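Note sheet for the following structure.
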Amino acid sequence: MSITDEELRSNIRTLLSAAAGKARVLAATKTVDAQTINKIYDMGIDLIGENRVQELMEKLPYLDKRFEIHFIGRLQRNKVKYIVGRVALIHSLDSVPLAEEIDRRAQKLGIVQECLVEVNLGGEESKGGVPLDEVESFIASAAVFGHIKIVGLMGVVPKTCEKENLCAFFTKITKKFIDIKHQNVDNSIMSNAEMRILSLGMTHDYVQALECGSNLIRIGEGVFGART
Ligand SMILES: *Cc1c(COP(=O)(O)O)cnc(C)c1O
């Protein structure tokens, strides 16, 4: 990592002021070494997200213990055991078998693992995520697991999305988030879910995500510079 402390500090200042009063800033730390990651704590970012299990396991012993750590990448069932209990939040819950495995591992540890439901906004077959119109029924199925708590939604906008369409994408998921939140209040079907966190927005679209209701932005290059 060749980014200077000055650049890091300036990037973080920009992000924190854009997000102020609206959202938490999560630094997406893939490919970034632990020493560089540790610098950002005292610059004002206390939340980091990794998206590869192996990479997280390698860095974990060297990371400042004060960080809150989230898992933001695709999660395979056979890797769940390394993650549960080690991260405060999993952003990428998108299937019942995955929920079942997270629940099983959390139960063993005697904890409740908080998760976000990843919503598929692009409808791309190859990508993860629950289709928007299946989110409620998915939450109802996942709510039977007592050692998982769903605390919100996460979305990634398709790479091909034009700038002028970003808000339309983000607003769809924000509407869903608000809908489910109201259902929480009105009845108990969603009793095991609490719509608290809406994880939307990355380096190239966080401005629009913030305008459209995000309360957690996930920023990699906008903090650490371009990944090489
Ligand atoms: C890498 C990553 C980010 C951050 O991407 P940038 O474009 O570098 O801001 C956010 N969310 C997920 C799931 C990621 O994998």
Side-chain angles (χ1 to χ4, degrees), residues 1-3 7-8 10-19 22-34 36-37 39-40 43-59 63 67-76 79-80 83 87-95 98 102 114-122 124 126-130 151-163 166 169-170 173-174 177 197-228:
M1 277 291 142
S2 53
I3 189 162
E7 287 169 317
L8 264 181
S10 152
N11 287 347
I12 289 170
R13 206 179 294 128
T14 303
L15 288 163
L16 290 177
S17 78
K22 292 181 179 160
R24 273 186 94 181
V25 178
L26 173 150
T29 50
K30 58 177 172 258
T31 76
V32 182
D33 60 274
T36 306
I37 297 170
K39 288 180 183 176
I40 69 175
M43 298 177 183
I45 293 192
D46 62 357
L47 173 60
I48 61 176
E50 275 286 341
N51 46 348
R52 295 185 194 90
V53 172
Q54 175 81 23
E55 193 177 334
L56 173 59
M57 298 310 289
E58 283 167 12
K59 288 178 196 171
L63 291 172
F67 280 117
E68 178 177 332
I69 304 177
H70 291 181
F71 188 79
I72 62 176
R74 301 293 321 274
L75 184 54
Q76 291 168 295
K79 303 271 176 68
V80 165
I83 291 298
V87 299
L89 183 67
I90 295 171
H91 285 229
S92 48
L93 177 61
D94 66 352
S95 79
L98 184 59
I102 295 171
E114 294 198 335
C115 299
L116 303 181
V117 173
E118 181 173 351
V119 179
N120 186 326
L121 287 172
E124 296 151 281
S126 60
K127 286 270 184 66
V130 176
V151 297
L153 305 178
M154 182 267 221
V156 179
V157 167
K159 275 205 178 69
T160 54
C161 189
E162 307 280 346
K163 258 221 153 59
L166 284 172
F169 269 101
F170 287 134
I173 189 166
T174 301
F177 180 82
I197 299 173
L198 183 54
S199 169
L200 292 176
M202 305 171 28
T203 299
H204 296 291
D205 57 21
Y206 78 86
V207 172
Q208 289 83 1
L210 290 170
E211 278 170 16
C212 302
S214 170
N215 65 23
L216 192 161
I217 56 176
R218 307 178 309 271
I219 311 293
E221 299 196 326
V223 174
F224 299 107
R227 284 183 292 274
T228 46

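In this text the structure is predicted, and so the values were computed from the model without any measurement. Indexing begins at 1, ligand by ligand and atom by atom, following the structure's order.
Counting only heavy atoms from C-beta outward, the side chains of Leu116 and His70 never approach each other to under 4.5 Å. Phe169 has its side chain out of reach of Asp205: every pair of non-hydrogen atoms, C-beta onward, lies at least 4.5 Å apart.
Using a non-hydrogen distance threshold of 4.0 Å, His91 does not register as a contact of ligand 1.
Glu7 and Ser2 get closest at one heavy-atom pair: OE1-O, 4.4 Å. Here the closest non-hydrogen pair linking Ser92 and Gly73 is OG-O, 2.6 Å.
Close approach to Ile219 involves these atoms of ligand 1, each under 4.0 Å from a residue heavy atom: 9 (O). Under a 4.0 Å criterion applied to the non-hydrogen atoms of Glu221, ligand 1 contributes the atoms 6 (P), 8 (O), 9 (O). Distances below 4.0 Å separate heavy atoms of Asn51 from the following atoms of ligand 1: 14 (C), 15 (O). Listed by number with element, the atoms of ligand 1 under 4.0 angstrom from any heavy atom of Ala28 are 3 (C), 4 (C).
Both the backbone and the side chain of Ile72 come within 4.0 Å of ligand 1, counting heavy atoms alone.
Considering backbone and side-chain atoms alike, Thr203 places an N or O below 3.5 Å from some N or O of ligand 1. By the 3.5 Å distance cut-off applied to N or O atoms, Val156 is not counted among the residues near ligand 1.
Scanning the protein heavy atoms around atom 5 (O) of ligand 1, the nearest turns out to be Met202 CE, 3.5 Å. Protein heavy atom in closest approach to atom 2 (C) of ligand 1: Lys30 NZ, 2.5 Å. From the protein, the heavy atom lying nearest to atom 11 (N) of ligand 1 is Arg218 NE, 2.9 Å.
Under the disulfide (SG to SG under 2.5 Å) criterion, Cys161 pairs with no residue at all, not counting sequence neighbours. Every residue meeting the ring-ring contact (aromatic ring centres under 6.0 Å, His included) condition with Phe67, not counting sequence neighbours, appears here in chain and number order: Tyr41.
Using modelled atom types, one side-chain atom of Arg218 and one backbone atom of Ser199 make a donor-acceptor pair closer than 3.5 Å. With Glu221 contributing its side chain and Arg227 its backbone, the two residues share a donor-acceptor pair below 3.5 Å.
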